[in-house]
Amino acid sequence: MSDVRVRFAPSPTGYFHIGGARTALFNWLYAKHTGGTFVLRIEDSDTERNTKESLNSLLSNLRWLGLNWDEGPEVGGAYGPYFQSERGDVYQKHLKRLRDEGKVYEKDGALWLKVSGETQTIDDIIHGPVQRLEEKDFVIYRSNGTPVFHFVNVVDDMEMHITHVIRGEDHLSNTSKHLELYKALGAPAPKFAHIPLILKTDGPGKMSKRDRGSLVEEYRDKFFIPAALINYLSLLGWSPKDDRELMSLDEIIAAFDLVGINKTHARFDEKKLSFMNAEHLKQLPKEEFFTRGIEVLRKTEHADWLKDEVYLKKIFDIVQEKLRSFEELPNFIAYFFDKNYPFEPTALQKILKHQPRERLSELQTALSTLPTFGCEVVENALKTLSAEKNLPAGAYIHTLRFAVSGRNVGPSLYHLLDVLGKDEVLRRIQRCLATCSFA
RNA sequence: GUCCUGUUCGUCUAGAGGUUAGGACAUCGGGUUUUCAUCCCGAAAACAGGAGUUCGAUUCUCCUACGGGACGCCA
């Protein structure tokens with residue numbers, strides 16, 4: 001355990017967004033990398049805007065991402081409470097001292113901190129030394145008696161012995177206020193690391209809660225793999241400096257450091273995120289793919305597909321390499337369960353050139369005489385047939401896929417046939433013949 | 001407006017005072033006698049502009065332009 005202590009200090013005033021998740025991630029990674037402590041502190045001093053739902057969303061999404069905190073809500077710790085709304089006496093204590101020392105004065109009912117008039121130098125790990133003069137006194141307690149962000153933020157970081165403040169660059173300008181506060185409180189300032197912001201995919205400005213794709217919730221609802229989101233987010237503003245991109249959590253932790261973080265803002269790219277999700281999906285251990293897949297089917301109300309676990313497992317096995325996201329899973333495997341699966345018109349169009357009626361009846365004959373029905377057997381049968389008729393194998397393959405699934409995309413055909421079994425395949429061919437008009 | 005901050009392919013990034021400026025996503029093209037949303041190969045694609053330092057700058061300095069942020073009794 002090192003003495004590094006970092007914190008993520010969100011205010012629960014809306015849904016948890018990507019920018020916040022990335023900030024939390026960088027803090028968490030740094031804690032993991034250094035063997036330090038990751039603190040979660042809830043900045044709920046604005047009672048008007050805080051909601052219970054936001055807090056729940058925040059906590060559950062952090063957990064979904066796997067960003068567990070060592071100290072904070074629901075886990076406790078030596079420096080609690082971790083809700084600012086419960087730390088009023090702590091702030092009062094420090095306020096009293098500042099007043100006693102004459103560093104604070106009252107005006108219009110609010111309490112103002114006297115600034116030093118000296119240029120502050122922010123010791124920023126990413127940007128280097130940044131100098132800024134805080135010219136005007138500023139409010140630290142509102143006229144309604146509640147403390148403002150800058151004050152509680154600094155008091156808490158001090159009280160909680162935070163060693164590294166890792167936060168968005170939008171706070172860089174605020175930091176001169178914070179340095180004034182540290183000085184007034186007689187406490188040494190922590191190190192700062194102001195990380196670049198995440199900008200909208202297109203258009204000007206930083207990503208906001210209103211932008212499409214900006215909420216962690218959205219990815220969770222679409223059954224993204226948390227490790228993929230983590231991987232993608234970690235590469236926004238940071239890189240391992242070699243050409244690695246697809247990385248496991250452990251690899252990221254090992255390589256992560258504050259010093260390597262970029263100064264430039266990054267634009268959010270959903271396409272690359274999807275790509276990474278697909279890659280992580282492919283690499284999932286079979287067991288985990290199965291577990292997650294079942295959860296997806298439950299949540300999408302396909303629980304009736306879960307009855308035959310052996311069958312389901314076979315399907316998952318042949319589908320994993322082709323699937324790009326769990327969101328597509330139900331549709332991707334629907335025809336395995338729906339005996340009356342639809343024959344897609346566009347798919348039909350693509351096979352018309354193969355004269356499907358003839359091909360299917362030839363397949364009926366060839367397949368029905370097979371004594372056994374494994375991948376190899378079927379493959380041989382198809383190849384023999386195409387050789388006999390002097391037709392490309394594709395003519396049979398495409399037609400058959402269409403007949404048994406109604407589509408022209410899907411898992412490896414021979415595996416697909418193997419999973420369905422001989423009787424079902426023949427039944428499906430017959431149904432196709434009876435249902436489809438090949439004119 | 002003031003202050004802070006930044007600027008390498010469309011996007012995420014690597015890079016070093018002298019490189020064919022590398023990788024990834026996306027795009028386009030080709031291939032795998034199983035289509036494809038898999039896999040493989042290939043192509044196109046960038047150092048914002050101007051001075052200065054230097055034998056040499058995309059890399060260092062300055063200026064300009066453009067981008068982003070902060071300037072609240074929000075956090």
Side-chain angles (χ1 to χ4, degrees), chain A residues 9-14 42-46 48-50 84 107-112 122 124 126-128 130-136 138-150 152-153 167-177 194 196-202 204-206 232 235-246 260 262-276 278-279 282 320-325 328 332 347 350-351 354 379 382-383 386-387 392-402 407-416:
Chain A
S11 63
T13 56
I42 306 300
E43 306 220 330
D44 57 351
S45 58
D46 181 0
E48 299 284 301
R49 295 168 61 217
N50 294 304
Q84 290 187 332
K107 191 176 90 187
D108 300 329
L111 300 178
W112 297 69
I122 302 158
D124 193 284
I126 295 164
H127 294 273
V130 175
Q131 299 198 317
R132 201 181 118 88
L133 173 66
E134 194 62 36
E135 297 181 71
K136 293 183 291 187
F138 56 94
V139 170
I140 60 169
Y141 259 78
R142 302 182 187 88
S143 50
N144 71 3
T146 60
V148 306
F149 161 73
H150 298 111
V152 296
N153 187 267
R167 51 163 41 157
E169 201 189 294
D170 47 346
H171 284 292
L172 186 52
S173 301
N174 289 152
T175 309
S176 48
K177 281 193 180 71
H194 287 96
L197 303 179
I198 299 178
L199 268 26
K200 291 180 205 286
T201 303
D202 36 47
K206 60 176 176 175
Y232 177 70
L235 261 19
L236 249 31
W238 174 83
S239 87
K241 309 302 178 197
D242 46 38
D243 285 333
R244 281 181 299 166
E245 292 207 324
L246 287 163
N262 288 175
K263 298 180 173 78
T264 52
H265 301 317
R267 227 169 253 281
F268 190 77
D269 182 358
E270 277 182 289
K271 292 211 176 113
K272 188 147 186 178
L273 207 204
S274 294
F275 163 79
M276 290 212 148
E279 291 299 315
K282 235 171 284 171
Q320 182 171 2
E321 63 164 344
K322 294 294 178 80
L323 197 66
R324 295 184 71 208
S325 75
E328 298 169 351
F332 200 77
K350 288 184 181 171
I351 57 138
H354 298 306
E379 180 169 0
L382 279 205
K383 289 199 168 146
S386 70
Y396 292 97
I397 286 160
H398 300 159
T399 307
L400 187 50
R401 174 187 295 288
F402 173 77
R407 318 233 178 124
N408 48 36
V409 295
S412 157
L413 179 70
Y414 303 121
H415 291 90
L416 165 57

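A note on names: the letters A, B, ... follow the listed sequences, proteins ahead of strands, and every chain is numbered from 1. Because the structure is a prediction, the values reported are computed rather than measured.
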Any base atoms under 4.0 Å from Lys322(A), or only sugar-phosphate, or nothing? Heavy atoms, all strands.
base

Quote, to the nearest angstrom, the C1' distance that separates G69(B) from U61(B).
25 Å

Parallel, tilted or perpendicular: rings of His171(A) and Phe149(A) (30°, 60°)
tilted

Checking contacts here: which listed nucleotide (A26(B), C73(B), C12(B)) is nearest the side-chain heavy atoms of Leu236(A)?
C12(B)

Per Arg142(A) side chain, nearest of listed nucleotides G68(B), C74(B), C12(B)
C74(B)

So what does Leu197(A) touch, heavy atoms closer than 4.0 Å: a base, only the sugar-phosphate, or nothing?
sugar-phosphate

Of the candidates C36(B), A24(B), U34(B), the side chain of Tyr414(A) sits closest to U34(B)

So, is Lys282(A) close to the C39(B) phosphate, meaning a side-chain N or O under 4.0 Å from OP1 or OP2?
yes

Does any nucleotide pair with G10(B) by Watson-Crick or G-U wobble geometry, both distances under 3.5 Å, and what is it?
C25(B)

Between His127(A) and G6(B), does any side-chain N or O lie under 4.0 Å from OP1 or OP2?
yes

Rounded distance in Å - OH (Tyr232(A)) to P (C12(B)):
8 Å

Nucleotide forming a Watson-Crick or wobble pair with C39(B), both distances under 3.5 Å
G31(B)

Main-chain N/O of Asp269(A) paired with Tyr232(A) side-chain donor or acceptor, under 3.5 Å:
yes

Is it the case that C73(B) (base atoms only) and Ser143(A) (side chain only) share a donor and an acceptor within less than 3.5 Å, ignoring hydrogens and angles?
yes

So, for Leu172(A) and Ile122(A), which heavy atoms are closest and what is the spacing to 0.1 Å?
O-CD1, 3.7 Å

Would you say Lys272(A) places a side-chain N or O within less than 4.0 Å of OP1 or OP2 belonging to U11(B)?
no

Classify the side chain of Glu169(A) versus the base of G6(B) as yes if they form a donor-acceptor pair under 3.5 Å and no if they do not.
no

Give the nucleotide from the list C25(B), A75(B), U5(B) with an atom nearest to the side chain of Phe275(A).
C25(B)

His194(A) near the nucleic acid: base, sugar-phosphate alone, or nothing, with a heavy-atom cut-off under 4.0 Å?
nothing

Are side-chain heavy atoms of Pro240(A) and Leu235(A) found at a separation under 4.5 Å?
yes

Looking at A14(B), I'd like to know if its phosphate oxygens (OP1 or OP2) sit under 4.0 Å from a side-chain N or O belonging to Asn262(A).
yes

Can you check the distance between A43(B) and A26(B), where both ends of the measurement are the C1' atom (answer in whole Å)?
14 Å

Under 4.0 angstrom, heavy atoms only, what part of the nucleic acid is Pro12(A) near: base, sugar-phosphate, or nothing?
nothing

Counting only side-chain heavy atoms from C-beta out, which of G6(B), C73(B), U34(B) sits nearest to Ala110(A)?
C73(B)

Let's see if you can work this out: which of C25(B), G67(B), U34(B) has an atom nearest to the side-chain heavy atoms of His265(A)?
G67(B)

Base-pairing assignment for G1(B) (Watson-Crick or G-U wobble, both under 3.5 Å):
C71(B)

Side-chain contact check for Leu172(A): nearest option of G6(B), C4(B), A26(B) is C4(B)

Asp269(A) CG - U27(B) P separation (whole Å):
11 Å

Given that both distances must come in under 3.5 Å, which nucleotide forms a Watson-Crick or G-U wobble pair with A48(B)?
U64(B)

What is the distance from CZ of Phe138(A) to C1' of A75(B), rounded to the nearest Å?
15 Å

Tell me what Gly168(A) touches on the nucleic acid: a base, only sugar-phosphate, or nothing, going by heavy atoms under 4.0 Å.
nothing

Spacing between Asp202(A) atom CG and C25(B) atom P, to the nearest angstrom:
21 Å

Return the nearest nucleotide to the side chain of Asp243(A); candidates are U34(B), G22(B), U38(B).
G22(B)

Check every atom of A37(B), G69(B), G15(B) against the side chain of Ser173(A) and return the nucleotide holding the closest atom.
G69(B)

Counting only side-chain heavy atoms from C-beta out, which of A70(B), C73(B), G23(B) sits nearest to Lys206(A)?
A70(B)

Is it the case that the side chain of Asp108(A) and the backbone of Ala110(A) share a donor-acceptor pair, with hydrogens and angles ignored and the cut-off at 3.5 Å?
no

Ranking Glu135(A) and Gly109(A) by the position along RNA chain B of their nearest nucleotide, the one closer to 5' is Glu135(A)

Whether His150(A) and Phe138(A) hold their rings parallel, tilted or perpendicular, with breakpoints at 30° and 60°:
perpendicular

Hey, does Glu279(A) reach any base, or is it just sugar-phosphate, or nothing, if we go heavy atoms under 4.0 Å?
sugar-phosphate

For Gly260(A), does its backbone N or O pair with a side-chain atom of Lys241(A) as donor and acceptor, under 3.5 Å?
yes

Answer yes or no: does a side-chain N or O of Thr264(A) lie under 4.0 Å from OP1 or OP2 of U7(B)?
no

With a non-hydrogen cut-off below 4.0 angstrom, is Pro204(A) in contact with a base, only sugar-phosphate, or nothing?
sugar-phosphate

